[in-house]
Trainee: 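The following block contains the structure, expressed as structure tokens.
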Amino acid sequence: MKKIYFILFGVLILASCSKHDPILPGTRYDIFDNTDINVLNQELPDLSENIKNISGDEKCDYRQDADNVIWNGDKKIYVGFATNSIVKNEQSPVCAGSFLYTGLTTGEVIKINKVNGRVVWTTDVFRANNLTGGASVVDVVAHVGVDGKYVYAGGLGDAFCKLNANSGNKIWCVNISVPVDFIVVDDFAFVVGTDNNLYAINTKNGDVYWKSEIKKQIKPEYNGKYIKVGRQKINYKNGLID
């Protein structure tokens, strides 16, 4: 009975961490109220020829290691928690004005004030049940995207989200596990999922206009006419493979 009690106690602790983590600094927010993906099978409007720059300021002299430590030169400005199970990636912070944004292997996205090193907010980018029997790896592998007042982030814990850059509050989340960088063109994000699908997502409301099966999980490219994923060319309007 004692063994069972301690197991249940541990599960309860993990579940509570996604809401009120007493260790990680900053205000934290839940992100999911719906885990269904409703694909509209709807064509996109005409898009411009160029993708948006969501990579922040051109110069960002901060780096991040696999143990969730963020460095400014040889100075540590943030020390997160190392995890045993991680996915090898080249995650690095994105700078925007006086702040930097980045994803962690523990499944959070954080905003840090570059002037004083304080954490402004911390937002979970994973479904809560991944802590209690779901996926054990919740890394935010794809680079965080910053677009003015908004932040886009995708993690391996079944979440691609649009966040309010000022508060960290979620605007919407789609139940997609994201292994590689995504792109944004006008009001649409093109996101590769671990389920081997490319998704076209309306950034205004999170609606999925279409999904298209792909062969490789790599960052999509855009040339004004189609989306390219590896050697596959996909019509951006309807998701059909050329």
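This chain uses plain numbering: 1 for the first residue, then up along the sequence.
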Trainee: Nearest 0.5 Å, what's the CD1-CD1 distance between Ile214 and Ile241?
Mentor: 9.0 Å
Trainee: About how many Å separate CG of Leu163 and CD1 of Ile171, when rounded to the nearest 0.5 Å?
Mentor: 7.0 Å
Trainee: Do Lys162 and Tyr150 form a cation-pi contact, if we require the NZ or CZ to be under 6.0 Å from the six-membered ring centre and within 45 degrees of the ring's axis?
Mentor: yes
Trainee: Show the nearest heavy-atom pair for residues Trp172 and Ile201, with the distance to one decimal.
Mentor: CH2-CG2, 3.8 Å
Trainee: Answer yes or no: is there an ion pair linking Lys52 with Asp186, defined by an N-O contact shorter than 4.0 Å?
Mentor: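 Here Lys52 does not pair with Asp186 in a salt bridge, since their nearest N and O are not under 4.0 Å apart.
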Trainee: Which of parallel (below 30°), tilted (30 to 60°) and perpendicular (above 60°) describes Tyr209 and Phe188?
Mentor: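 Aromatic pair Tyr209/Phe188 classed perpendicular.
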Trainee: Strictly under 6.0 Å, is that where the ring centroids of Tyr199 and Phe160 end up?
Mentor: no
Trainee: Examine the side chains of Glu108 and Thr122 and answer whether a donor and an acceptor come within less than 3.5 Å of each other.
Mentor: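 There is no such pair between these side chains.
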Trainee: Quick check: does any side chain N or O of Asn116 sit under 3.5 Å from a backbone N or O of Arg118, one acting as donor and the other as acceptor?
Mentor: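 Confirmed, Asn116 side chain pairs with Arg118 backbone.
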Trainee: Indicate whether any N or O donor in one side chain lies under 3.5 Å from an N or O acceptor in the other, for Gln217 and Asn196.
Mentor: yes
Trainee: Side chains of Asn169 and Ser167: any donor to acceptor distance under 3.5 Å?
Mentor: yes
Trainee: Look up atom CG in Asp57 and atom CZ in Phe99, then write down how far apart they are to the nearest 0.5 Å.
Mentor: 12.0 Å
Trainee: Under 3.5 Å, is there a donor-acceptor pair linking the side chains of Thr105 and Asp139?
Mentor: no
Trainee: Measure the NZ-SG distance between Lys170 and Cys161 for me, rounded to the nearest 0.5 Å.
Mentor: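 The NZ atom of Lys170 sits 8.0 Å away from the SG atom of Cys161.
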Trainee: Hey, can you tell me if Tyr222 and Tyr236 have their rings parallel, tilted or perpendicular (30° and 60° cut-offs)?
Mentor: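 Because their plane-to-plane angle is over 60°, the rings of Tyr222 and Tyr236 count as perpendicular.
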Trainee: Between atom CG of Leu40 and atom CG of Asn38, what is the distance when rounded to the nearest 0.5 Å?
Mentor: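 One gets 5.5 Å once the value is rounded to the nearest 0.5 Å.
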Trainee: Taking the inter-plane angle between the rings of Trp121 and Tyr101 on a 0 to 90° scale, is it parallel (under 30°), tilted (30 to 60°) or perpendicular (over 60°)?
Mentor: tilted
Trainee: Please report the interatomic distance NZ(Lys228) to CD1(Ile218), rounded to the nearest 0.5 Å.
Mentor: 8.5 Å
Trainee: Please determine which of Ser92, Ser55, Pro93 meets the side chain to side chain contact (heavy atoms under 4.5 Å, CB included) test together with His143.
Mentor: Ser92
Trainee: Will you find, in the side chains of Trp71 and Asp65, an N or O donor that is under 3.5 Å from an N or O acceptor?
Mentor: yes
Trainee: Dump the intermediate steps for side chain to side chain contact (heavy atoms under 4.5 Å, CB included) on Thr102 and Ile112, then the final yes or no.
Mentor: CA-CA 9 Å; Thr102 194; Ile112 297 177; 5.7 Å; no
